[in-house]
Amino acid sequence: MAKLVINETKKMGEIAPEVYGHFSEHLGRCIYEGLYVGENSDIPNVNGMRTDVVEALKEMQVPLLRWPGGCFADEYHWMDGIGDKSKRKKMINTHWGGVMEDNSFGTDEFMELCRQLGCKTYVNGNLGSGTVQEMSQWVEYMTLDGVSPMADLRKENGHPEPYKLDYFAVGNENWGCGGNMRPQYYGDLYRRYQTYLRQYNPDRKFKKIACGANNNDYHWTEEVLKTCFDHSPEHEHGFMDLISLHYYDMPYGWDPKVSATKFDDECYYRTLNKAYVMDEYVSRHCDILDQYDPDKKIGLAVDEWGTWFEVEPGTNPGFLYQQNTIRDALVAGITLNIFNKHCDRVKMACIAQMVNVLQSVILTDGEKMIKTPTYHVFHMYRHHQGAELLGSSITGTTEIGVEDGFKVPDLTESVSEKDGIITITVSNQSLTDAKELDVIFAEKKSFEIVEAKLVGGADPHDHNTFEDPEKVVEKDFEDYKTEGGLKLNIPAASVVEIRLK
Ligand code: AHR
C-alpha cells in the first residue's frame with residue numbers, strides 16, 4: 001500500500017492563485033465565438049461576452065487571464081483594436097489560419113471580460129514587430145489616471161477610469177515566432193522596452209514579465225538572466241518580476257501528432273510521462289533562477305502549458321481545436337500538483353487555451369457549450385488557490401507505462417490548507433489498477449471529511465460531446481475509510497480531491 005505522509009505543521013508558502021490562470025489568444029475560435037460573440041448576437045451575452053461561458057468560468061474560479069497571444073501578440077498593434085468598431089482596421093491573422101481579424105475585440109473588451117470574470121489582467125506586449133513607443137503608450141492607455149494623450153483617448157472611448165493592469169509581458173516566444181532572437185539580444189531589448197513601461201499608479205503597480213524559455217532550453221534562461229542582471233545594483237531583480245516558461249505536452253513530439261480521443265496504451269502513458277516531465281523542467285529553470293535571485297523575488301510564470309494533439313477531423317488545422325478526455329484530466333491533475341509543490345517559485349501558470357483551442361476547459365458549437373474533463377479538475381483544485389502548501393510526500397508508488405524511458409509514477413499528490421481545511425489532491429495514472437493510499441498526519445489525531453470528489457475512474461478515452469455533455473463530470477468520491485486513520489482507494493485513471501478538517 002502507498003502512504004501519503006502529511007506534515008500539517010510544515011507550511012511551505014502560499015500557492016499563488018495565479019497558478020490556476022488561463023490563456024486566451026486571437027486563435028481559431030477562442031476569442032471570437034468562444035468568449036466574445038458581439039453585442040448583436042442571438043447568443044445571450046453581456047456587452048458581447050457569452051453569458052453561458054462567463055458563468056461556467058466564474059464557477060470554476062478564474063484568477064487570471066492572459067491576452068492577446070501567443071504568437072499573435074508580436075504582430076498585434078493595439079491601436080487597431082480601440083474606438084468605433086466600424087472603423088477598426090482589419091488584418092490577416094498570419095499565424096493562425098490566415099483568417100480575417102476585424103479587431104472588434106480589443107483592449108477595452110478584454111478589460112470588460114476580466115471585469116465580468118472577476119480576474120486579474122495579464123496583457124502581452126508586442127516586442128517582435130512593435131516599437132518602444134507603441135508598447136509604452138499601451139500601458140499609458142490602460143493605466144494613466146489624469147491628463148495625457150493616451151488617457152484622453154481612453155476617455156474618448158468611453159472609459160474615464162484607468163484599468164487595473166496586473167501583469168504585462170515584454171514579448172512572447174521571442175526565441176521563435178516573436179522575432180527569432182538570441183537570448184542576449186532579447187535580454188538587451190527587454191531592458192530597453194521595460195524602461196518605458198511606466199508605473200503611473202504607485203499604489204497599483206503592475207508586474208513585468210520577461211520572455212523565458214521553451215521546454216528545457218536552459219541556455220535561454222541563463223543568458224537572459226545574465227544579460228538583465230549585468231547592470232548597476234540600484235536596478236534590483238534584473239528589472240523583471242517574473243520570467244516565463246512554455247511547455248506543451250506532445251506525446252511523440254511535433255511529428256506525428258496524435259488524436260485527442262483515439263490513443264493506445266503506449267500513447268496514453270507517453271502523454272502522462274510528458275506531463276510529469278514538467279517537474280524536471282521547472283526544477284532546472286528554478287535552479288538557474290536561484291543562482292541569480294536566491295531570495296526568490298522573481299517568479300516563474302509557466303504561462304503556456306497543456307496538451308497539443310491533432311486537430312479534430314474536418315476542422316481548420318490553423319485553429320488548433322481538439323477534444324479533451326480523461327487523459328487530459330490526468331495531465332491537468334499531475335501538472336497542477338507539480339506547480340503547487342513549486343509554489344516558492346512558480347507564481348503563475350496559464351493553461352493553453354481557455355476555450356476551443358488546445359487543452360481547453362470549455363468547448364462551444366454555435367449556441368452550445370460543454371465543460372471538458374480538464375474544466376472539472378480546475379474546478380476541483382480551486383481550493384488550492386491562495387492556500388498554504390503543506391509538507392507532504394508519498395511512498396510506495398510504482399513506475400508504470402509500457403515503454404522504457406516513458407514511464408510515470410502511478411500516483412502524484414499535493415496538499416494545502418486554507419481556513420482550517422486541508423485539501424488533498426491525488427492523481428492515479430494507472431490504466432488498470434486502483435491504488436490504496438494510507439494518509440498519515442504528523443500530529444493531527446482526528447479529522448472530519450468536508451468533501452470528497454473525483455474526475456475520471458472510467459475509460460480514459462471518455463469525453464464530453466455536444467450530444468452527451470455530461471459523460472465526464474465531477475462526482476462524489478466514496479471509496480474511503482476513516483476508521484483508524486484515513487484510507488483511500490483511488491480508482492484507475494482518476495483525479496481525486498479530499499477535503500477535511
Ligand atoms: O498556444 C498556441 C501557440 O503556442 C502560442 O501562440 C505560442 O506562444 C505557442 O507556440
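Note that the structure is a prediction, hence the values are computed from the model and not measured. Just the heavy atoms: all of them, side chains too, but no hydrogens, waters or symmetry mates, feed the values below. This chain uses plain numbering: 1 for the first residue, then up along the sequence. For ligands, and for the atoms within them, numbers begin at 1 and follow the listed sequence.
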| message | Using ring pair (Phe, Tyr, Trp, His ring centres under 6.0 Å), reason through Tyr186 and Trp175 one step at a time and then give a plain yes or no. | response | CA-CA 8 Å; Tyr186 172 78; Trp175 36 261; over 10 Å; no

| query | When you look for protein heavy atoms under 4.0 Å from ligand 1, which residues do they belong to? | reply |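 Under the 4.0 Å cut-off, ligand 1 touches Phe23, Glu25, Leu27, Gly70, Cys71, Trp96, Asn172, Glu173, Tyr248, Glu304, Trp308, Gln353, Leu358.
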
| field | ring pair (Phe, Tyr, Trp, His ring centres under 6.0 Å) partners of Phe339, counting only residues at least two apart | value |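 Result, ring pair (Phe, Tyr, Trp, His ring centres under 6.0 Å) vs Phe339: Trp305.
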
| With sequence neighbours left out, what residues match Phe319 under ring pair (Phe, Tyr, Trp, His ring centres under 6.0 Å)? |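 Partners of Phe319 by the ring pair (Phe, Tyr, Trp, His ring centres under 6.0 Å) criterion come out as none, since no residue qualifies.
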
| Has Arg66 got its NZ or CZ under 6.0 Å from the middle of the six-membered ring of Tyr167, at an angle within 45 degrees of the ring axis? | no

| request: May I ask you to check whether His26 and Phe72 place their ring centers less than 6.0 Å from one another? | output: yes

| task | Could you tell me which residues satisfy salt bridge (charged side-chain N to carboxylate O under 4.0 Å, His left out) with Lys208, sequence neighbours excluded, listed by chain and number? | result |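 Not a single residue meets the salt bridge (charged side-chain N to carboxylate O under 4.0 Å, His left out) criterion with Lys208.
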
